[in-house]
Amino acid sequence: MKADDGFGPNSWIARKARGPMGLLYMLSAVLSVVMTGLVYLFVCLKAWAGAFGVGSITQYVGAINNLFLGISTLIQKLGDMRANATFLEPYFDLLDTPNNMYQGSLTTEKRNDRQYEVEFRDVSFRYPGSDTYALRHVNMKFRVGSHLAVVGMNGSGKTTFIKLLCRLYDPTEGEILLNGIDIRKYRYHEYMDIFSVVFQDFKLLALPLGQNVAGTVDYDQSRVLDSLEKAGFSDRLAELSKGLDTSLYKELDAEGVEVSGGEAQKIAIARALYKDAPFIILDEPTAALDPMAEAEIYSRFNDIAGDKTAIYISHRLSSCKFCDEIAVFDHGQVIQKGTHESLVADEGGKYYELWNAQAQYYTEETSD
Ligand code: ADP
């Protein structure tokens, strides 16, 4: 172990232990030894002078020692608190990060008919600190209940498009409208309620499976089971002896289970389904999957999306054939829109080019 790493003799932790924390520990140790001596002396002298019988010495010494033990523990705890506060500082700094995003005050209408219409109107976007546009003049209207696929090469702006839709960033130019009103005017948390998103870099926690799906400690068990089934996780669930109470991973529970990339993805999809929002967005949901698992997710897509407005991002075109509409992104722009049949018929178009470039790969690796 190097002398200057976290736990070495010259590390900052060791220096702290020698500083304020060490001082408090030393004080508490010295105090308890000195006080015990004084207590014995005092009580014995009193007994000797005839204040009480010799038999009471133990009782008095015990009582007073207990009192000082309490005081010394208290001082030790103050030392611990002081030392640990240093470690907590970065977390509090992070939690205190100011949110500079404009917070609107409109409430999003709670609609049972799920008639939420979102429109991108001439939206352009540059990431903070970047000179180049990641999106350029994007116009798009999502039809309620339709299933839209967003395709394009890596770096063409697909994920950025979703990030703007979910208001992780605000457009540099143009506006995004929900039922005709700029999304910036809505309360952020209420706006987020209408989206279920599975990003590529989703995270599962070392907690029970049911809690991972629901995102809460108390959940509706039948809905969690239903979501897991729709996401194709039922077979694996049947193998788990503790069912929804099975912990994922072993960090907090030695009996926890490790899940594969594909299984993790299904759990993440189940989490999105449990939220039951009007929009469901899957960002490259099959990127981590083997061809078999990938084909399974495609075949379930219509089940998964149901009557929701669904957006499905992929750079594999075969996974998008079943969508009502396909938008082709290229260098931050939407260059083509239409159904698979109409796009593949346009021999001069990017979609045709991508489709043919990938066609051989599909016939080899997937069974569609
Ligand atoms: P896709 O999802 O189609 O692969 P992205 O939306 O991730 O594409 O990226 C679009 C462009 O934006 C790329 O040129 C990428 O380098 C850039 N980009 C993505 N994320 C960031 C970021 N956080 N900061 C700066 N540039 C970014």
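Ligands are counted one by one from 1 in listed order, and the atoms in each one are counted from 1 as well. What you see is a predicted model, and the numbers here were worked out from it, not measured in a lab. Scope of the values below: all heavy atoms of this structure, side chains included, with no hydrogens, waters or symmetry mates.
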Identify the closest protein heavy atom to atom 18 (N) of ligand 1: which residue and atom is it, and at what distance? Y127 CE1, 3.3 Å
Ligand 1 atoms nearer than 4.0 angstrom to some heavy atom of T160 are 5 (P), 6 (O), 9 (O), 10 (C)
Can you pull out the closest protein heavy atom to atom 7 (O) of ligand 1? Residue, atom name and distance to 0.1 Å, please. T159 CB, 3.8 Å
Quiz question: by atom type and distance under 3.5 Å, do the side chains of Y133 and T172 form a donor-acceptor pair? no
With a cut-off of 4.0 Å, which atoms of ligand 1 are near a heavy atom of K158? 1 (P), 2 (O), 3 (O), 4 (O), 6 (O), 8 (O)
Counting N and O atoms only, with roles assigned by atom type, does the side chain of D283 sit under 3.5 Å from a partner on the main chain of V197, one being a donor and the other an acceptor? no
With a 3.5 Å cut-off and no angle check, do the side chains of D220 and S222 form a donor-acceptor pair? yes
Would atom 16 (O) of ligand 1 count as contacted, meaning some protein heavy atom under 4.0 Å? no
Is there a nitrogen or oxygen of G157 sitting under 3.5 Å from a nitrogen or oxygen of ligand 1? yes
Test side chain to side chain contact (heavy atoms under 4.5 Å, CB included) applied to T107 and R187, step by step: CA-CA 6 Å; T107 55; R187 289 200 189 116; 2.8 Å; yes
Among all protein heavy atoms, pick out the one at the shortest distance from atom 14 (O) of ligand 1; state its residue, atom name and that distance to 0.1 Å. G155 O, 3.9 Å
Need the ligand 1 atom indices (1-based, order shown) with element for anything under 4.0 Å from a heavy-atom of N154. 4 (O)
Which of the atoms in ligand 1, numbered in the order shown and given with their element, are less than 4.0 Å from a heavy-atom of M153? 3 (O)
Is a side-chain donor or acceptor of S56 paired with a backbone partner of Q59 at a separation under 3.5 angstrom? no
Would you say ligand 1 has an N or O under 3.5 Å from any N or O of S156? yes
Decide, yes or no, whether a salt bridge links R236 with E239 under the criterion of side-chain N to carboxylate O below 4.0 Å. yes
Closer than 3.5 angstrom, by distance alone: can the side chain of D324 be matched with the main-chain N or O of H147 as a donor-acceptor pair? yes
